[in-house]
Asks: 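The structure under discussion is supplied below as structure tokens; questions concerning it will follow.
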Amino acid sequence: VPVQPFDMIVFGATGDLARRKILPALFHRWCDGQIPQTSRILAAAREDMTTEEFLERAREFINGAKGEDKWSAFCERVSYTPVDAKGEAPGWGALKSALDPQASKARLFYLALPPSIYGSVCAAIAAHGLNTPGSRIVLEKPIGHDFHSARLINEAVGQAFDEDAIFRIDHYLGKETVQNLLVLRFANMLFEPVWNAAGVDHVQITVAETLGAGKRAAYYDRAGALRDMVQNHLLQLLCLVAMEPPASLEGDAVRAEKLKVLRALRLIGPDEARTGIVRGQYGAGLIGQEAVEGYGEEVGEATRTETFVALRADIDNWRWSGVPFYLRTGKRMATRRSEIVIQFKPVPHDVIQADAGRLQPNRLVIRLQPDEGVKLMLMTKDPGPGGMRLRYVPLNLSYAEAFEADYPDAYERLLMAVVRGNLALFMRRDEVEAAWRWTDAVIAAWREAGLALHPYPAGTDGPPQALQLMARDGRDWYDGH
Ligand code: BG6
């Protein structure tokens with residue numbers, strides 16, 4: 001379904017994010033016919049170059065893509081203006097005159113820039129009169145480095161844009177399977193009655209990557225896995241699993257429920273940190289057949305930044321009292337795998353007394369990527385003679401097998417959601433700040449507790465201490481066996 005015509009001004013258009021994600025996403029939506037012909041993309045960045053040069057460079061990430069033949073038609077909708085996003089440079093005037101004054105067109109500003117300058121760019125947008133009453137702004141994570149800096153950024157952006165016009169991206173909310181989580185929970189009767197402390201033993205959320213810090217080492221080394229992944233992506237997943245049913249999928253209905261979860265997260269203190277948090281950093285190792293450097297070599301010095309973190313989170317509310325949420329994420333792990341596992345309580349009494357096979361609890365395994373799918377693990381009888389032999393098998397919904405459609409990448413979906421004004425897929429100010437409050441407490445606790453940084457070889461599942469984190473509670477990470 002086509003969206004309304006828009007002008008999208010992309011600041012930082014020559015940067016990695018814009019070239020790798022934003023432009024290809026817009027191009028793919030264009031190829032699918034979702035972007036009306038009159039829409040325009042106004043790319044802006046500091047470098048002095050022509051639109052042709054800009055497009056030539058942008059093409060690198062389109063080469064070989066489906067619909068490559070539509071590239072030149074798409075290019076007609078793109079122009080490049082050199083602008084110093086912070087300063088007084090003449091580019092601002094050029095940008096303003098390039099904008100369509102038509103009120104029927106949506107006007108969107110995309111800041112693919114370092115968050116530290118969000119405030120000054122917003123001030124410049126306002127000072128040059130570029131924002132109209134209906135215009136919207138899109139911000140990338142991370143919004144700040146901690147609660148305090150996030151608040152300053154939010155304040156500054158709030159001077160130029162109303163909260164309802166601010167779209168803070170967490171690209172995990174644009175993933176197909178993450179959206180399906182809402183459908184799974186709220187469009188099926190089956191799960192909700194047991195989706196609570198009476199039915200659920202615990203929840204595991206794993207986001208494992210094979211990538212290292214790579215070119216982003218300068219940013220990453222100041223952030224670490226907790227700030228880079230847990231504060232946003234993993235907490236958002238936790239919220240979608242844990243929140244109460246919203247009255248509708250309208251933006252504030254969903255966001256209010258997520259906020260309640262974030263506010264109910266128990267703040268971790270130094271004592272809980274000692275047993276409930278594991279920090280790790282990868283060393284050299286093998287990813288598949290490829291030998292890769294350790295984190296220290298990649299960054300160029302030995303630092304104490306964590307590239308892996310596993311922790312136990314508790315939600316102090318009625319529904320989740322006593323149900324731990326175990327979160328873990330790491331770079332340079334054995335395989336790329338993002339998964340949510342809801343482990344249900346064991347049956348209250350073993351009627352079967354099987355001759356063979358262990359009685360295992362039901363698990364709902366939601367695979368976010370790759371090989372998107374949903375599995376419900378059940379106990380069944382191994383067919384045939386030979387007594388009661390139990391087998392633990394999946395009811396398996398594999399996206400690749402069940403659906404033929406090619407679904408859009410997270411950025412494609414989110415950009416179109418901005419044009420539509422669908423705020424439900426974006427983080428509200430209070431959510432981001434609540435997530436930072438909890439994250440800041442985690443960091444303060446591990447500093448006070450003097451937590452060790454455990455090494456793990458690249459290409460493994462992280463430090464063995466992460467296994468103990470769950471073993472201590474009599475549980476283990478579910479890796480599909
Ligand atoms: C980003 C993080 O937000 O998410 C990166 O900054 C990480 O460090 C990326 O690699 C993971 O996204 P995806 O979609 O590949 O799981």
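Just follow the structure's listing: the first ligand is 1, and inside any ligand the first atom is 1. Positions are given from 1, in the same order as the sequence printed here. Side-chain atoms are counted along with the backbone in the values below, which use heavy atoms only and exclude waters and symmetry mates. Computed from a predicted structure; not experimentally measured.
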Asks: Any salt bridge between R429 and E163, counting N to O under 4.0 Å?
Replies: no
Asks: Per the side chain to side chain donor-acceptor pair (under 3.5 Å) rule, which among T210, D371, D479 passes with R337?
Replies: D479
Asks: Taking everything shown except R274 itself, do over 12 heavy atoms lie less than 6.0 Å from its CZ?
Replies: yes
Asks: According to salt bridge (charged side-chain N to carboxylate O under 4.0 Å, His left out), who are the partners of D201, at least two apart in sequence or on a separate chain?
Replies: R475
Asks: At a heavy-atom distance under 4.0 Å, which protein residues reach ligand 1? Sort them by chain and number, would you?
Replies: K141, H171, Y172, K175, E209, R216, D228, M229, H233, K331, R336, Q369
Asks: Which of parallel (below 30°), tilted (30 to 60°) and perpendicular (above 60°) describes Y282 and Y456?
Replies: perpendicular
Asks: So, are D16 and R216 salt-bridged, with charged N and O less than 4.0 Å apart?
Replies: no
